[in-house]
Amino acid sequence: MAPKAIIAPSILASDFGNLSSECSNVIKEHGADWLHIDIMDGHFVPNITIGAPVVTCIRGSVERSADWSKGVFDCHMMVAEPQKWLEDFKKAGCDLYCFHYEAAVTSKDPAVSPSQLIKNIHALGMKAGVAIKPDTPADVVYPLLDGDVEKPDMVLVMTVEPGFGGQKFQARCMPKVAALRERYPELDIEVDGGLGLGTIDQAAEAGANVIVAGTAVFGAESPGEVVKMLRGTVEKCLSK
Ligand SMILES: O=C(CO)[C@@H](O)[C@H](O)COP(=O)(O)O
Ligand SMILES: [Fe+2]
């Protein structure tokens, strides 16, 4: 199936004092598709955010549509031991569990490989994403996407060093997006970090279709206008 434009605001830039309503409004009122939920453990990245109990709370006010087009909880797991949190996040309402390739290959648990993690994620009924940091080459995910192994449903190409919102978009990551799009025309390719009206052209032209935007959406005077413009740019590039 041809990829669709998916706008996934990062809730890291929302008002955590009103988290449930922020999450529900960004979808229902401002027209976003998914929620990008950044999970940081203070080990894989030098910052901590939220855990499964908070995800459970927001799940109470945001439903996922049956066709997975709206309200998908896209959990970006910036954690050193991705295998450790699978059941907790499934129970909390995670739909797409996106682990970092770098964490999986250096995990303390020798039984955990990226392909085993993908199998375990699928066995729990979640979709699987694999994220790569700016310095990790795109070709590390090729063996996961080729051949007979269980494949990831999405690849996340980080456009900042993971750990903090509000950083500057790194255009040097765009050739990785372009290489992935050329090789995998139907793959969901997500970009994350510094995306907004000034950088969306580069990401969309390279072939990204899942756009994470935290500051650009939650910090906007008219979040709905920003969501609409991001979507318009991605749709224009996808239809070329
Ligand atoms: O994963 C991360 C940061 O580690 C991101 O999801 C950011 O939180 C996106 O925020 P903006 O750069 O869009 O403000
Ligand atoms: Fe993220």
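On a predicted model such as this, the values are computed, not experimentally measured, just so you know. Order of appearance sets the numbers: ligands from 1, and atoms from 1 within every ligand.
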Tell me if a side-chain donor or acceptor on [X] pairs with a main-chain N or O of [Y] at a distance below 3.5 Å.
{"X": "Arg181", "Y": "Lys176", "answer": "no"}
{"X": "Glu161", "Y": "Lys133", "answer": "no"}
{"X": "Asn209", "Y": "Lys4", "answer": "yes"}

For [atom], grab the closest protein heavy atom and report residue, atom and distance to one decimal in Å.
{"atom": "atom 9 (C) of ligand 1", "answer": "Asp192 OD1, 3.5 Å"}
{"atom": "atom 14 (O) of ligand 1", "answer": "Thr215 OG1, 2.4 Å"}
{"atom": "atom 12 (O) of ligand 1", "answer": "Gly194 N, 2.8 Å"}
{"atom": "atom 10 (O) of ligand 1", "answer": "Gly165 CA, 3.7 Å"}
{"atom": "atom 3 (C) of ligand 1", "answer": "Phe164 O, 3.3 Å"}

ask   = Would you say Ala13 contacts ligand 1, with heavy atoms under 4.0 Å as the rule?
value =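 The answer is no, since Ala13 has no heavy atom less than 4.0 Å from ligand 1.
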Heteroatom proximity flag, [X] to ligand 1, N/O under 3.5 Å:
{"X": "Gly163", "answer": "yes"}
{"X": "Leu195", "answer": "no"}
{"X": "Gly214", "answer": "yes"}
{"X": "Ala213", "answer": "no"}
{"X": "Glu161", "answer": "no"}

Under 3.5 Å side-chain donor-acceptor pair for [X] and [Y]:
{"X": "Thr136", "Y": "Glu102", "answer": "yes"}
{"X": "Asp38", "Y": "Thr49", "answer": "no"}
{"X": "Asn25", "Y": "His30", "answer": "no"}
{"X": "Asp109", "Y": "Ser107", "answer": "no"}
{"X": "Asp146", "Y": "Tyr184", "answer": "yes"}

Would you call [X] and [Y] a salt bridge, using N to O less than 4.0 angstrom?
{"X": "Arg172", "Y": "Asp135", "result": "yes"}
{"X": "Lys90", "Y": "Glu87", "result": "no"}
{"X": "Asp95", "Y": "Arg59", "result": "yes"}
{"X": "Asp74", "Y": "Lys127", "result": "no"}

query = Do Val72 and Ile39 share a hydrophobic cluster, counting only Ile, Leu, Val, Met, Phe, Trp and Tyr and linking them when any side-chain heavy atoms are less than 4.5 Å apart?
reply =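 In one cluster with Val72: Ile39, no.
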message = Judged on heavy-atom distance to atom 11 (P) of ligand 1, which of Gly166, Pro9, Ser10 sits nearest?
response =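 Among Gly166, Pro9, Ser10, the closest heavy atom to atom 11 (P) of ligand 1 comes from Gly166.
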ask   = Relative to the heavy atoms of Gly193, which atoms of ligand 1 are at a distance of less than 4.0 Å?
value =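 Near Gly193, meaning under 4.0 Å from one of its heavy atoms, ligand 1 has 12 (O).
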task = List every atom of ligand 1 that sits less than 4.0 Å from any heavy atom of His76, numbering the atoms from 1 in the order shown and giving each element.
result =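 Within the 4.0 Å cut-off of His76, ligand 1 contributes 1 (O).
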task = Run through the protein N/O/S atoms less than 2.8 Å from the Fe ion (ligand 2) and write them out by chain and number.
result =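 Short answer, with waters excluded from the count: His36 NE2, Asp38 OD1, His76 ND1, Asp192 OD2.
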